[in-house]
Amino acid sequence: MATDSWALAVDEQEAAVKSMTNLQIKEEKVKADTNGIIKTSTTAEKTDEEEKGNYFWMPLARDEDRAAQSLLNKLIRSNLVDNTNQVEVLQRDPNSPLYSVKSFEELRLKPQLLQGVYAMGFNRPSKIQENALPMMLAEPPQNLIAQSQSGTGKTAAFVLAMLSRVEPSDRYPQCLCLSPTYELALQTGKVIEQMGKFYPELKLAYAVRGNKLERGQKISEQIVIGTPGTVLDWCSKLKFIDPKKIKVFVLDEADVMIATQGHQDQSIRIQRMLPRNCQMLLFSATFEDSVWKFAQKVVPDPNVIKLKREEETLDTIKQYYVLCSSRDEKFQALCNLYGAITIAQAMIFCHTRKTASWLAAELSKEGHQVALLSGEMMVEQRAAVIERFREGKEKVLVTTNVCARGIDVEQVSVVINFDLPVDKDGNPDNETYLHRIGRTGRFGKRGLAVNMVDSKHSMNILNRIQEHFNKKIERLDTDDLDEIEKIAN
DNA sequence: AAAAAAT
């Protein structure tokens with residue numbers, strides 16, 4: 001459960017891993033890698049920091065440069081030497097060289113952190129990690145607003161940044177990470193636990209709904225992951241956390257966390273309680289223009305990694321639509337698709353909780369096994385459902401926007417928009433669209449997205465989404481099962 | 001419209 005201690009969670013994980021057959025191969029690989037690292041760091045010339053046992057990334061610029069630059073307090077545009085991704089990198093300190101690392105060793109991480117990185121099966125940094133890690137680990141700490149497509153390793157990047165700054169012997173919260181939903185907080189927590197499992201003293205607290213602590217004490221966990229409402233309570237009313245001691249503040253899915261129609265109030269209230277020198281890290285696959293501007297206003301002096309519009313979509317995800325005339329026809333089309341989408345796993349998105357529960361019930365009546373997940377369910381139930389889906393015990397998940405962002409289940413090969421994503425004014429929600437289809441095509445895998453259109457109005461919405469991303473969404477005939485299975489494979 | 005709170 002969410003309240004479990006760090007140690008317990010790690011024990012459980014290890015028990016699970018031991019039951020896997022390829023354990024020995026994995027362990028040997030980790031050992032070899034870490035031995036290699038320890039050797040090189042002892043033979044290399046040691047800095048004062050290393051002598052004290054602290055391994056830091058080399059400062060990106062000399063102190064005098066930095067002092068001069070901080071006066072300018074201005075962003076200068078540089079071009080990243082990078083021919084595969086069209087990204088803009090805006091550096092806080094334009095005099096410092098623009099770094100990107102090609103290996104985790106170059107980061108000079110503490111050995112137990114590097115061990116955690118390799119134990120998770122990461123061999124080399126992804127594109128966003130290459131660029132973001134040197135910025136995040138620089139001394140003194142610098143803020144970062146970073147954009148990178150779904151499934152490209154943002155979580156691992158900011159988790160590594162938190163773990164590199166945490167001091168496990170100090171028994172109070174030092175790193176705070178906010179997630180927009182309960183399920184995502186649990187998922188990110190697992191990544192923190194896995195990557196940090198070689199720090200024996202380190203503990204993680206989950207500040208999420210349903211995790212009730214005894215009143216009147218401070219918590220000793222060094223890292224806190226949570227959802228905005230609970231975190232705010234823990235920091236203010238309940239005083240479990242002393243926000244003044246937080247060194248790193250991460251906003252995952254940052255655009256929705258600071259958007260007016262999102263979690264803005266709570267996130268900003270939490271941010272205001274933090275010390276002025278707290279490092280702020282904002283990550284998302286999408287930043288709508290106005291939100292991007294707001295982010296740069298609330299984050300002092302940030303480094304910036306931004307995608308060009310044409311690079312936002314992933315080409316590995318094929319997008320289609322099916323044309324229907326009513327909701328019942330959409331349902332029929334979906335039933336036709338069911339066989340094809342259950343080859344691997346699928347997620348079906350609805351606009352409301354009501355539609356989601358209706359659809360799940362109707363599909364069940366037709367004899368199709370589906371799971372339902374929405375915010376009206378109890379957290380215990382939600383945790384159980386997402387767990388079953390992760391384990392592959394459920395092939396199809398009918399859900400709302402609660403699962404639109406961040407949820408990482410590798411086996412998901414199809415995303416279906418039973419309802420297209422629209423905002424409260426009925427306009428297309430391009431950001432949510434991108435996040436939803438990004439539940440498939442994780443880490444370079446291929447994926448399929450199918451949009452169900454049932455009116456002129458929804459066709460118009462889809463056309464506007466196409467125009468926004470300048471990406472063709474082709475028609476699919478659900479009567480042509482051969483064609484569908486070909487695509488779904 | 002959904003999500004997010006020990007209120």
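Every chain is numbered from 1 and lettered A, B, ... according to where its sequence line falls, protein lines coming before strand lines.
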Among B:dA6, B:dA4, B:dA1, the one nearest any side-chain atom of A:Pro228 is B:dA4
Any side-chain heavy atom of A:Gln149 sitting closer than 4.5 Å to one from A:Leu307? yes
Distance test, side-chain N/O of A:Arg353 to OP1/OP2 of B:dA3, below 4.0 Å: yes
For atom CG of A:Asp423 and atom C1' of B:dA3, their distance in whole Å: 15 Å
Whole Å only: how far is the CD1 atom of A:Ile268 from the P atom of B:dA4? 19 Å
So, OP1 or OP2 of B:dA3: does either fall under 4.0 Å of a side-chain N or O from A:Thr400? yes
Could you walk me through whether A:Phe389 and A:Glu183 satisfy the side-chain contact (heavy atoms from CB on, under 4.5 Å) test, starting with their C-alpha distance in whole Å, then the side-chain angles of each, then the deciding distance to 0.1 Å, before giving a yes or no? CA-CA 12 Å; A:Phe389 188 61; A:Glu183 287 76 13; over 6 Å; no
Exercise: identify the closest heavy-atom pair between A:Arg439 and A:Val415: CB-CG2, 4.0 Å
Has the side chain of A:Gln266 got a donor or acceptor atom sitting under 3.5 Å from an opposite partner on the base of B:dA5? yes
Which of these, A:Asp252, A:Thr181, A:Asp255, sits in a side chain to side chain contact (heavy atoms under 4.5 Å, CB included) with A:Arg405? A:Asp255
Please check the phosphate of B:dA4 (OP1 and OP2 only) for any side-chain N or O of A:Arg209 closer than 4.0 Å. yes
Minimum-distance nucleotide to A:Lys424 side chain [options: B:dA3, B:dA1, B:dA5]: B:dA1
Between P on B:dA6 and CD on A:Glu214, what's the gap in Å once rounded to a whole number? 17 Å
Options B:dA4, B:dA1, B:dA5, nucleotide nearest the side-chain atoms of A:Tyr182: B:dA4
At 4.0 Å (heavy atoms only), tell me whether A:Phe349 reaches a base, stays on the sugar-phosphate, or touches nothing. nothing
Give a yes/no on whether any side-chain N or O of A:Thr227 is located under 4.0 angstrom from OP1 or OP2 of B:dA5. yes
Taking atom P of B:dA1 as reference, at what distance in whole Å does atom NE2 of A:His435 sit? 21 Å
Does B:dA4 have OP1 or OP2 sitting under 4.0 Å from an N or O in the side chain of A:Arg382? yes
With sugar-phosphate meaning primed atoms plus P, OP1 and OP2, does A:Arg405 contact a base, only sugar-phosphate, or nothing at under 4.0 Å between heavy atoms? nothing
Minimum heavy-atom separation for A:Thr440 to A:Gly447, with atom names? OG1-CA, 3.2 Å
What is the distance, rounded to the nearest whole Å, between atom CG of A:Leu184 and atom P of B:dA4? 10 Å
Send over the distance from A:Gln264 CD to B:dA4 P, rounded to a whole Å. 18 Å
Atom CD1 of A:Ile386 and atom P of B:dA3 are separated, to the nearest Å, by 13 Å
Round to a whole Å and report the spacing from CG of A:Asp265 to C1' of B:dA2. 16 Å
